[in-house]
Structures are given as structure tokens and as C-alpha cells.
Amino acid sequence: MRILRMGAVLLLGLSFAWACGFDGTLREYLDVHFWLPFAKTAKNFEKPSVRRISVPYAGMGKVDATLLGQLRGVYQYPADNAAILAAARADRSLSQRDREEVELIDAKIDMRSGSPEVPRLLRGAQAKLEQFLKTARTPEWLSEARGWLAHIHHVMGEQTEAGKIYLDELNRDGSNLSRETLLNSLKMNYGITGDQQLLDHLEEYFDTAEHAAFAIQLLTNPRWERNGTTLDRREIYARVNGLLQKHWRILRSPTLAVLTMRAALSMGDPGQALKIAERVGDSRDPDYLWMLGSAHFVSRDYAGAEDSLLRLFEVAKDDRKAAAAYGLCGVYQKLGLPVEQLRFALWLSAQSSDHWNPFPDTYDYSVYWAASGFDLDLLLDAEAPTEALDQFLERYPDVQNVRLVKYALAVRLARENRYAEAADIYEAIGQKRRGPRMRQLAALWADQTPEGRFAFAEYVGSNSVGIYFNDSLWDGDQRYALIATSDSRLTREERDSHIARERKLRDDQEELWRAQLILREVMDEVGRTELGIKAARLAQRDLRKLSERFGRRDEIREADIQVTRWLRAR
Amino acid sequence: MSSLLCLIALLCACGGGVNKQPLPTTWTTGYWVWGGQSGPASLAKPLDAAYVQVAQDEYLPDKKLPAAQAYWAVYRFESQGVPELARASEIPPKVERLLTEARRQQLNVVGIQLDIDSPTSRLADYAQFLAAVKKGLAPGTKLSITALLDWFRDGTGVEAVIEQVDEFVPQFYDAGGAEREVIAAKVDAAKWGARFNRFGKPYRIGISTFGRAKFVSDHPRPGEPTTLYREVTPLDLGSEFARETVHNDVGEVVLTYRAMHETSVDYQRFQAGEGVQFVVPTPEGVRAATAEAKKMGGYAAGVVYFRWPGEFESLLVPPEEIFGETKTLAVETEDGGCVAVKCVDVVLRHADRFAPGVVRYRVRSSAPLDYFLPVERIPVRLAAPDVVELTVPPFAGRDRLALGRAVSSHAVIFTVEAVR
């Protein structure tokens, strides 16, 4: 039974692991896709504070013995309705509102009976709804009629007509169509990025500024190959630019400029985006600030990207702030300013400490980076120099998650054999095991005699992952972050330096490797003495305990052979 | 000589007991499209015929089919033997549904082909089965069958089978099973022409264009089943394998790679003496078989090649090679979307598949590269800052060969040359 239970738990765990694949991607800011304009969905086109009503739709009111009540009955439970409809129409006692309901029910019954394959009834319903909209006055019936008219257009494949009605209704005060209904309808009508039909009919959206802005932004949304998009970006760019020039009067100047910038950036023309930005001047529009920063970054003007991303970080109220922070990590990485890079990486980690998916809206904006936190971990553990960690603590002593920096600094100091300083930090942050361990190492390190060095190495080798390894950052997953050899987004200099740094990290943090180096020195120094033999045996043990993931396979093998021969030769 | 053969064929045809049909007036070239595999091969002209295996016994595959003047829907029966007679009635309704769907897709499906490996001893049963199928087919729907060469021995009763069909396609491959070191069977017009023409029915010759890779060992265990590989190519086996090359008498090349010491390829471990044997078809072999098929004259109506290439298939003679539409060696790039550098994935196109010796390809960039990240197990290296060098073993070229990712500070242009 216990085995069965364990099996069930294991299966559950495995299914969870399959469902939530681990993503350890690094340095997403080196990917062009990261810097595309923010994706827009229908909800981004919703005006604030639109007042809606919620009244039962026509035919969904009370069913009773009145003629209208009976008509509602045949609508709700489909049955032959011709006679009851005629009777209801002839009923002079009905109010204006009720008479309008009768007409709307009639159109809806036709619509319900129709289908795209048999369009006659649908077209009949369309004509009735259009006539209804010309004569009716009851607001809730009018908005409902517009909704059904849009629905007929949608099922008949008339995307433009349907989309415009839905979009107008989304921002219409007094609409009886719910926000969720309209957002879902728009999504069904267009998908996420728009399609060929939208591109073909683009000019028809230039009847109002809102329609044009909606259509252009949808078409210039970031596109993912996996969504099976087949639209040619160059075609979109040419068409959008041409129409923006032709219809410039419709769009107010800043809107026009931002849309043109968006088209340029989507197309991969950051130079043009920057030229257009000059016309906009000072703006606090988050979309504009992101695109300006992006255009600079993609043009490899990293310093130029800093200002607009900092402003975006300041003004954004939603997850676009996080996008700015991650972008700034890239800016400061490129500018060689690790203290500032750390500031924003730490800010991101502080926001995400309690959640696996800390910035859900970034997906909607199509800005993505992995939640693994590897960027920060590598920065703290290897990329930022020790002095930068010191400077950070001086400059930002009270930021959230600062303990991570202090811990990392203590680890780095230990790697530099500065054990007493490391002990001070560990003790200050209440680290109960590492603090005393550092004190002991400080004492052992002070004795540089062969006996003292042997004792030091023996201690180090018996505290694997407890001295030089940063256990606050890595959880058995570090190897997935050390990918410089396969990262093609780096310049040659960056790549060489990352590869060297990764090697150094592996060497510096590996207690067994460091211990055997000291032991072999002792062995050479004291020769075939009792101490030398003890050192050789310990070195051999440490060498053989090194994991394959550590690397240096040939060196380890060679050293093992040498030590073994040395021991045998005595 | 060929006129003489035609005369003999005609005389033989006169002596047969099968209802004779008019002699075919045109020579056609067709392909079997198998297992839903329809790769990127493209020809200047449509095929005369495509024999398309029906998926799930119901539909033509969803994937884009090669352009053809006429399509045949092929029903394959996997189990050896003749299906029960009762099953014959299941086929016509399926065919009707398929034809309706084909008309909707505007595919000119002219008939069906049954691919049934009937034992020679049961040809009489097979003839009955075919008669039952034919009875249920709508008028105008042609019936074709594949045929095993063994059926055409003397005294097998194959006449009764041929009697039921509109055409037959003898398969000149795998006559001895997949464990042999040869795939194709020799197409010998003098031997086979007379045997086929005597029935007075049009036939097409099935010719193999595919290759095969299988496990081999210096110390095979008797009775051990043959392990076949779908994905392994000679390119995957590095310098740890010794190569032996043999040309067989049907124009195929047999490449045997044996590990010189224990090694592994992906997850497959090879002990010393174990390895992979490739049977690789050649354009010359396929063309020779085709020419020989033409010599059969009489009712010989064409050839059908097995098979149209799948998307990632490399051990075959591609249609372009057979039809002399060879493509020029080229290098293509695809942007890798890097911000701080220019990174592109480099793909070599149309590397010679049939070079008998090692070929070195030099891909030159217009400016020095910062670095190059090769695709795993592809023998490619950055030979100079502006030269990526690929070494391809004999008969190992591919139509599309991903080399790796080239990284430079700015955009560069690539050119390629082959150095033999």
C-alpha cells in the first residue's frame, strides 16, 4: 500500500514537472524579441470608467400568459412562433419598449435558425437588426441588437464590420453587453496578432482614430512562429506606413508618431523608430518610453536606452515596470555597471520572491524572461566583482533582499581566503553555521606551515558545498546557468570572458578541488614523510570524489595517476 | 533488339488467357507517397502518377502531396497473407468516401491500388478477393495491385490475379527481406519483359530509390532480429568508426562503419566491431533500372519509384536527381535574432549526396566571424576567421545540412565551394 502511495506521489510529481517545464534561459535582453513593442490585446483599447448596464436580453424576461410572455416562451423553448409573433405585433396594449422587444426577438429567432452554410436566414436577421437600429430607442435593446449584428458579421466572416461594432460597444456608455463578452468576441474575431484579412481591410479602419489605432497595433504585435503566423512583416510595414501617411489627419500627431514608431520597430528598423521619436519629444507614455529604449538598445546604443527605461520604471504602474527593470539589467550589463545591474536584478527578485509567476501581465505584453532568477544568481556569484558587491551595500544598504548580496559577498570573501571578513558578515546576518566555520578557517589559514596547510585542506575537503559554494543561490541547478560556450548572443570578448569566469567559478567554489591542490603542494614540499603520505592519500580521495560536471577531466585523471604512482613508489 | 523484344512480348501476350487491353501509348513516371511522408522535393513538371498511401484506411494524407496528373489511392495490408473474403466488401464504401473527399480537394484520383503481399501459394484466393473488391467499385474506378516477383514463376496461377485488375506493378526491391545487403532487385528486361507482357495488361515497374541503415556486428548472434535505424546517417559516425565501401550489382553502395573501440552515438553504444551498415541507392543505379524497364516494351506503361522523400530523409535518390534537375550548391542563412551581435544559422543546400570520396565544403564569409557554434555531431569547424569547413564522408551529403550558428559583429555574406 505504501509503495502504491509513493508511486502515486511520484506520478503526481512527474506530471507536475512535465506540465511546468523548467526554464533557465538567461540574458533575454540579448534577444531581439525581448525588445519588440508591447503586445496589445482588446483590453488595452478599453477606456476607463465606461458605465455598463445589465438587463436581461430580449426574450429572456418573464414568460407568462400575455402575448409578449408567450412570445418569450417560444423564444426560450423553440416552437412554431409565427402565430404568436403576429399576435404580439398586433397587441396595441404593448409599450414602446415591449414592441421593440417583440421585433428584436423576431430577428433573433431568424438569426438562431441560420448558419453560414445556409445564409438566407442570417441575412434576413441582419436586415431586421439594421432596420431595428434605425427605429428603436430603448438603449439596452439597441446595444443588444448591435451585438447580434456584429455576431452575424463575425460568423459570415466579415471581420471588419464585426470588429468595429464590438470595439465601439466596448467603450460605449450604457451598453448592455458585458465587458467579458466584448473582449472575448474581439479575441475570437481577430486572434492575438490579426491576420491577412485584417491586413487586407486595413484602410477600412481609418474611419476613426480608435479603429485605426486598434488595427495597426494588432497587426504590429510581436509575432511568434509557433502561432503559425504567415504574414510578411515587410508587407505589414509598407502598408501601415503608407496608410499612416495617407490618413495623417485622422490621428492626432503624438498617436500617429507612436504608431509609426511601433511599425518601424516591429519591422526591425530601429533607426527609423529613433528618427520618429525625435518628433514626439518628451512623453510619459509607457509604450513610447519602451519603444524608445528598445530602439536604442537594438541599435546597440546602450547608454541611450538607459534614460527612457529609467523613466518607464518610474511611471509604469503595472508589469511594464518589471519589463523596464529587466531591460535596465541588460543596459547596465552592457555598460559594465554591475552595481546598477544588481539594483534592478534585486528589485525583480524582491517582487518575485513569493511567486513562481511574479509578473503575469508581462506575458500579455509579450515580454518574457525566465523566472529561474539565474541572471541575478550569476551576477552575485561570478559576474559582479567582489568590490561591486561592497559598493552596492554602501550605496543601497536597505533595499529589499539585500541579505542575498551580503551572503554572496561573504562567499566571495571566503573564496579569496578572507575568512574573518566573511565571518563578520555571516554573523551580522545571523548565519549560524557558516559564521563559526569561517572563524575556524581563519584560524587554520593563519598557520601556513605544511602541517597547518594540511589541516586546513583536510577541513576544506570535509566541508564540501559548505564553504565556497553559495547555497543561497543554487539549488542543484547551477549547471543550467553556465552556458557561455553555447550562448550565441554574446560578442567574442563577452563570450571569452564569460567562459573564463564560469571556469573560475567552478574552480573557486569547489572545496574538493581547492583542497587537493593544497594537499599536492604539501606532498611536494615535505616529500615521502608521514605527512606527505597522508596528504597524498587525502588528495587522491578528493580527486576521486570530484563530480564529472566539474570538468577538467584530463587534469584530474593525470593528477590521480601521478598521486597514485607517487604512493606506490614509496 | 528492343523491337525484337516487343515482338516477343506481343507474341507472348497473344498466348495468354487474360482479357487483353490496348497497348499503352505513353511512358509514365510515378512515385509512391508513403506513410504520410511528403517532403520538400519539388519538380519542374508534375508527376504522371502519384500512388498515395491512404492514412488510417480512410483518407489521403493531410500534408501537401506532390503535384501529379493522376493520383491512385493505395490501401496497404500490413499482415502477410490474403485478407478474408468478407473484408472485400469493406473496401468499396471507403473508396467512395475517399473519392468524394478527393473531388472536394480537386485531386484527380483515377483508381485504387491494393498493396497486399499474398503468398504465392494463395494467389487463387487473392484473385477471388480482388474479384469481390472490383465488383463493389463504382464504374470507372480503376483497380491496380502491387505484385511480388515470386508470383511470376511458372505455374503459380498469377494469371487469375492479373485478370481482375486494370494494371499491376511488380516491385523490384526487398525481394529477399530487409536483412540482406541489397535493396533493389535487378531489372532485367530480357528476363522479365516476356513474363509480364504475356498478360496483355498494362504494368509499371516498381523501382526502389530508398536506402537503409541497420546494425551490424563482427560477432552476430544467430536469430537476433535486425535493428534498423531511421535517423542515423554516415555523417553521424565520426572518426571512431572504420569505413568499408562496396558497390553491388544493382548500382547501390554498401557502406559499413564499424567502431574501432567502444563508443556511442547519441544513446546508442557500440562495442568494437559493431556498427552501422548503410545501403545507399545511387542515381546511376536508378537510371539504369529505369532504362531497363523501358526496354520491356509491350504493355510496360512506366515506372513507379518507391518512394517520395520524407521531410528529413537523407538515404535516398531524390526526384530531382532522377529527372536530371540537380540543384546548385548554395548556402542559406536564417537570422537568429541576436541584439548585440549578428547571429545566423548557416545551412548548406544541395551538398552532393553521391560523391564517392570525401568532400570538403568551404563556406566563406565576407568578413571574419567572431565565432562559430557547430551543430552537434556535424564535422564542421572554423578553419580560419572567415572560413567554416565541413568534411562530408562519401555518399553522406544531404539536400539540407544545418551547420551551426555563425556570430559576427555585423551582417556578413556567405559563399560556398566544394573542394574534392
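Residue numbers begin at 1 in each chain, while the letters A, B, ... track the order of the sequences. Note that the structure is a prediction, hence the values are computed from the model and not measured.
- Neither the backbone nor the side chain of A:F34 comes within contact range of chain B; no heavy atom of the residue lies under 4.5 Å from a heavy atom of that chain.
- No part of A:D496 comes within reach of chain B, as not one of its non-hydrogen atoms sits under 4.5 angstrom from that chain.
- A 6.0 Å sphere centred on CZ of A:R506 holds more than 12 heavy atoms belonging to other residues, nucleotides or ligands.
- At a threshold of 4.5 Å between non-hydrogen side-chain atoms, the residues B:V339 and A:Y29 do not count as touching.
- Remark: A:S488 OG to B:K342 NZ distance equals 12.0 Å, nearest 0.5 Å.
- Other residues, nucleotides and ligands contribute over 12 non-hydrogen atoms within 6.0 Å of the CZ atom of A:R479.
- Each of B:D370, B:V407, B:V341 was scored for a side-chain contact (heavy atoms from CB on, under 4.5 Å) with A:R492, with one residue passing: B:D370.
- For A:R300, the part lying near chain B is the side chain, with the backbone staying farther off; criterion is any non-hydrogen pair under 4.5 Å.
- Remark: A:E493 CD is packed, more than 12 non-hydrogen atoms of other residues, nucleotides or ligands lying under 6.0 Å away.
- More than 12 heavy atoms of other residues, nucleotides or ligands lie within 6.0 Å of CD in B:E262, so this atom counts as buried by the packing criterion.
- The distance from the NE2 atom of A:H33 to the SG atom of B:C338 is 13.5 Å, given to the nearest 0.5 Å.
- More than 12 heavy atoms of other shown residues, nucleotides or ligands fall within 6.0 angstrom of atom CZ in A:R503.
- No donor-acceptor pair closer than 3.5 Å links the side chain of B:Y371 to the backbone N or O of A:T491.
- The contact between A:T485 and chain B is made entirely by backbone atoms, counting heavy-atom distances below 4.5 Å.
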